[in-house]
There are 2 protein chains.
Amino acid sequence: MSYDVYDSECPARAVLDHVGDKWALLVLHRLSQGSTRFNALRRDIPGLSQKVMSQVLKRLERDGLINRQAFPTVPVTVEYSLTGLGECLTANVGPLLRWAEANMEQIKAAQSAYDARVVEAA
Amino acid sequence: MSYDVYDSECPARAVLDHVGDKWALLVLHRLSQGSTRFNALRRDIPGLSQKVMSQVLKRLERDGLINRQAFPTVPVTVEYSLTGLGECLTANVGPLLRWAEANMEQIKAAQSAYDARVVEAA
DNA sequence: ATAGTTGGTTACTAATAGAAACTAGATGAC
DNA sequence: GTCATCTAGTTTCTATTAGTAACCAACTAT
């Protein structure tokens with residue numbers, strides 16, 4: 001059976017909803033650098049609130065992209081890591097992030113030019 | 001000057017907000033297959049409303065990823081196409097969509113297993 | 001006349017994102 | 001003793017966004 005992301009009934013659309021998410025992309029990329037605990041992840045990704053992070057982690061775990069492992073320490077520590085499937089995905093996410101970093105100057109220039117055009121038209 | 005997507009003040013974060021968007025990914029991928037008009041794009045991507053599409057296209061145009069060209073036909077037709085920058089980006093988006101399509105079976109299995117575990121725990 | 005085409009915008013509502021406070025159970029500082 | 005801090009979250013509330021449906025102008029074909 002094959003899937004087509006353009007089909008709105010396709011379950012791949014649901015996955016794209018998770019993968020095509022700024023926080024999920026950042027979390028996956030961070031985990032590709034090694035297993036990380038909840039709060040460490042939060043410190044590494046400023047701006048991501050505890051609530052949203054907990055939601056993102058649950059979705060990614062449900063999709064089989066990350067593992068959640070709780071250790072009975074005091075206080076309990078929880079470690080998140082990529083599954084094989086997740087690793088396979090992050091191989092495709094890395095280039096996207098590197099592209100964003102590498103092409104920022106061009107994008108900022110395009111935005112300024114666009115804004116100037118809009119102001120002129122108004 | 002270099003950028004770091006983990007920095008919440010980094011403008012690359014703003015771009016990631018646009019790129020890390022399910023509709024933007026689909027639109028960019030569709031345009032990588034050739035220039036397309038507004039309504040044709042809408043027909044090709046079922047589930048994407050006119051309002052959201054118009055917003056997505058404006059953001060992508062502002063970021064310098066797509067061109068908007070209006071022809072003075074009757075009624076006016078508008079053609080959207082990738083810029084050089086956009087083409088460069090979609091080279092990284094394609095693999096992501098293909099990954100989603102290729103790994104759906106595994107993801108669905110993971111979701112079922114997760115849901116079964118959650119029900120059992122409840 | 002009426003329906004259909006083009007590319008949008010507007011108004012309204014439902015869902016989500018985000019900020020801030022709170023939980024519990026144990027440890028360390030004063 | 002008690003106050004602050006660590007852990008990993010949850011809860012509550014509000015602000016933003018996503019989505020649905022209707023509407024717009026200008027024109028064509030029936």
Side-chain angles (χ1 to χ4, degrees), chain A residues 8-9 13-27 30-31 35-63 66-81 114 117-118 121-122, chain B residues 6-9 13-27 30-31 35-63 66-81 114 117-118 121-122:
Chain A
S8 58
E9 297 304 310
R13 263 309 234 317
V15 176
L16 201 64
D17 287 358
H18 300 174
V19 169
D21 172 67
K22 58 171 176 169
W23 297 124
L25 289 176
L26 284 172
V27 167
R30 175 62 192 82
L31 288 178
S35 304
T36 315
R37 283 175 299 103
F38 189 91
N39 281 328
L41 204 50
R42 218 162 79 75
R43 277 188 293 267
D44 286 348
I45 307 180
L48 176 51
S49 74
Q50 288 177 307
K51 189 194 83 170
V52 173
M53 173 131 121
S54 145
Q55 290 170 343
V56 168
L57 288 171
K58 270 182 190 162
R59 275 198 311 219
L60 293 176
E61 190 195 354
R62 189 172 109 93
D63 288 343
I66 63 173
N67 289 312
R68 178 188 183 278
Q69 195 176 3
F71 295 95
T73 54
V74 161
V76 64
T77 54
V78 179
E79 204 166 87
Y80 290 93
S81 57
Y114 180 94
R117 255 181 290 141
V118 168
Chain B
Y6 288 121
D7 179 358
S8 59
E9 297 303 311
R13 263 307 236 314
V15 176
L16 200 64
D17 287 358
H18 300 174
V19 168
D21 172 68
K22 59 171 174 169
W23 297 123
L25 289 176
L26 284 171
V27 166
R30 175 63 192 82
L31 288 177
S35 303
T36 315
R37 285 175 297 102
F38 189 92
N39 282 327
L41 204 50
R42 220 163 76 76
R43 278 187 293 267
D44 286 348
I45 307 179
L48 177 49
S49 73
Q50 286 179 309
K51 188 194 85 171
V52 173
M53 174 131 119
S54 147
Q55 290 172 342
V56 168
L57 289 171
K58 270 182 190 162
R59 275 197 311 217
L60 293 176
E61 190 196 354
R62 188 171 110 92
D63 288 343
I66 63 173
N67 290 311
R68 178 188 184 277
Q69 195 175 4
F71 295 96
T73 53
V74 161
V76 63
T77 54
V78 179
E79 205 166 88
Y80 289 94
S81 56
Y114 180 93
R117 255 181 290 142
V118 168

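Bear in mind that the values here come from a model prediction, so they are computed numbers and not experimental data. In what follows, chains are A, B, ... by sequence order, proteins preceding strands, each numbered from 1.
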Any donor-acceptor pair under 3.5 Å from Thr36(A) side chain to Ala40(A) backbone: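 Such a contact is absent between Thr36(A) side chain and Ala40(A) backbone.
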If we ignore hydrogens and angles and just use 3.5 Å, is the side chain of Tyr6(B) paired with the main-chain N or O of Arg30(A) as donor and acceptor?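 Present.
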Student check: side-chain heavy atoms of [X] and [Y] closer than 4.5 Å:
X        : Y        : result
Leu57(B) : Leu41(B) : yes
Val78(B) : Phe71(B) : no
Ile66(A) : Val27(A) : no

Between Val52(A) and Trp23(A), what is the shortest heavy-atom contact and its length?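 That would be CG1-CD1, 3.8 Å.
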So, for Ala70(B) and Val76(B), which heavy atoms are closest and what is the spacing to 0.1 Å?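 That closest heavy-atom pairing would be CB-CG2, 4.4 Å.
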Whole angstrom is fine here: how far is it from [atom1] in [X] over to [atom2] in [N]?
X        : N       : atom1 : atom2 : result
Asp21(B) : dA18(D) : CG    : C1'   : 10 Å
Lys22(A) : dT16(C) : NZ    : P     : 16 Å
Gln55(B) : dA11(C) : CD    : C1'   : 13 Å
Phe38(B) : dC24(D) : CZ    : P     : 18 Å
Phe71(B) : dG7(C)  : CZ    : P     : 11 Å
Leu57(B) : dT6(C)  : CG    : P     : 15 Å
Tyr80(A) : dA8(D)  : OH    : P     : 8 Å

Does the side chain of Trp23(B) get closer than 4.0 angstrom to OP1 or OP2 of dG19(D) through an N or O atom?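 Yes, within the criterion.
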If you take any heavy atom closer than 4.0 Å to DNA chain D, which residues from residues 41-54 of chain A end up in contact?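 Arg43(A), Gln50(A), Lys51(A), Ser54(A) - these, ordered by number, are the residues of the stretch whose heavy atoms sit under 4.0 Å from the strand.
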Would you list the protein and nucleotides 1-4 of chain D atom pairs, both N or O, that sit under 3.5 Å from each other?
none

To the nearest 0.5 Å, tell me how far [X] [atom1] sits from [Y] [atom2].
X        : Y        : atom1 : atom2 : answer
Met53(B) : Asn39(B) : CE    : CG    : 6.5 Å
Leu60(B) : Asn67(B) : CG    : CG    : 11.5 Å
Arg68(B) : Ser81(B) : CZ    : OG    : 11.5 Å
Asp21(A) : Lys22(B) : CG    : NZ    : 11.0 Å

What bend angle does the helix from dA1(C)-dT30(D) to dC30(C)-dG1(D) show across its length, from five-pair end axes and to the nearest 10 degrees?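 Axis angle across the helix from dA1(C)-dT30(D) to dC30(C)-dG1(D), nearest 10°: 10°.
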First encountered from the 5' end of DNA chain D, between Pro75(A) and Lys58(A):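 Closer to the 5' end of DNA chain D: Pro75(A).
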Take Arg59(A) and Val76(B), find for each the nucleotide of DNA chain C with the closest heavy atom, and name the residue whose nucleotide sits nearer the 5' end.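 Counting from the 5' end, the first nearest nucleotide belongs to Val76(B).
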Taking the minimum atom-to-atom distance to the side chain of Arg37(A), which one of dG9(D), dT7(D), dG7(C) wins?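 It is dT7(D).
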